[in-house]
Amino acid sequence: MILGKIFIGSDRIQSRVKELAYEISSVYTGNVSANGKPLVIGVLTGAFVFAADLVRELTIECDVDFMAVDSYGSAMESSGELKFRLFPKSDLSGRDIIVAEDILDSGHTLNGICKYLKECGANSVKVAVLLDKRERRRTPFDADFVGFVIPDEFVVGYGLDYDEHYRTLPDIHCLET
Ligand code: IMP
Ligand code: MG
């Protein structure tokens, strides 16, 4: 596997993240009553960059937490079997939660995460993903806020990895064989 061309440059990413943050802020403005500030939960490790950029562009106040989930399978494909590695430390009961995830692929990970958050008593759960590979879906799942719909290409950078490589690149690249 070698690093391919830039697929989405950092300038485009930054301006799209800004738009998403604006969209999210308008949905929650005046809409969060007794439950207090929305809670953004970043899904580690891939979404650490996206979550950090997104929360800094929100025009509403929010709390921030993280969780980590491994989905078994190869480095490029999830098997559907999830293992929760880190749970949010916040009390989730009654909260309005915004999950920030790097990429929506088969849908297994976000399905499992949303199910878990609802079981914890969240008042509402919405999902923001930077990338959506719609044609790869194995479990029906729609995110509420989507940065870019992309074709079936394996991509790295901006937090996304291939076998833990390339997470720190500012642009999103394709991987080539
Ligand atoms: P899903 O459970 O198949 O939707 O997979 C979501 C997870 O798979 C993401 O959190 C990523 O960690 C990983 N993933 C899926 N596609 C890619 C990709 O193109 N590059 C890097 N990681 C990916
Ligand atoms: Mg990953």
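Just so you know, ligand 1 is whichever comes first in the structure, and atom 1 is the first atom listed for that ligand.
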Side chain, backbone, both or neither: [X] near ligand 1, heavy atoms under 4.0 Å:
| X | result |
| --- | --- |
| Asp161 | backbone |
| Ser78 | side chain |
| Arg136 | neither |

Students often mix this up, so state it plainly: with edges at 30° and 60°, are the rings of Phe50 and Tyr158 parallel, tilted or perpendicular?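 Judged by the thresholds at 30° and 60°, the geometry between Phe50 and Tyr158 is tilted.
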Straight-line distance of [X] [atom1] to [Y] [atom2], nearest 0.5 Å:
| X | Y | atom1 | atom2 | result |
| --- | --- | --- | --- | --- |
| Arg167 | Asp102 | CZ | CG | 8.0 Å |
| Cys114 | Lys126 | SG | NZ | 11.0 Å |
| Ser106 | Leu104 | OG | CG | 8.0 Å |

State the atoms of ligand 1, each with its element, that fall below the 4.0 Å cut-off from a heavy-atom position in [X].
| X | answer |
| --- | --- |
| Lys133 | 16 (N), 17 (C), 18 (C), 19 (O) |
| His108 | 2 (O), 4 (O) |
| Ser106 | 1 (P), 2 (O), 3 (O), 4 (O) |
| Glu101 | 9 (C), 10 (O) |

Side-chain heavy-atom pair Phe145, Glu19 within 4.5 angstrom cut-off: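 A side-chain contact under 4.5 Å is absent here.
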Test item: Ile103 and Ile150 side chains (from C-beta on) under 4.5 Å apart, heavy atoms: yes
Should one rank Val155, Leu175, Asp70, Ile103 by closest heavy-atom distance to atom 20 (N) of ligand 1, which comes out on top?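 Going through Val155, Leu175, Asp70, Ile103 one by one, Val155 has the nearest heavy atom to atom 20 (N) of ligand 1.
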Heavy-atom contact check, 4.0 Å cutoff: does [X] meet ligand 1?
| X | result |
| --- | --- |
| Gly107 | yes |
| Leu160 | yes |
| Glu153 | yes |
| Arg137 | no |

So, for Phe66 and Phe48, is the gap between ring centers shorter than 6.0 Å? no
Any N/O of Thr109 closer than 3.5 Å to an N/O of ligand 1? yes
Answer yes or no: does atom CD of Glu61 have more than 12 heavy-atom neighbours from other residues, nucleotides or ligands under 6.0 Å? no
Counting only heavy atoms not in Asp70 (residues, nucleotides, ligands), do more than 12 fall under 6.0 Å from its CG? yes
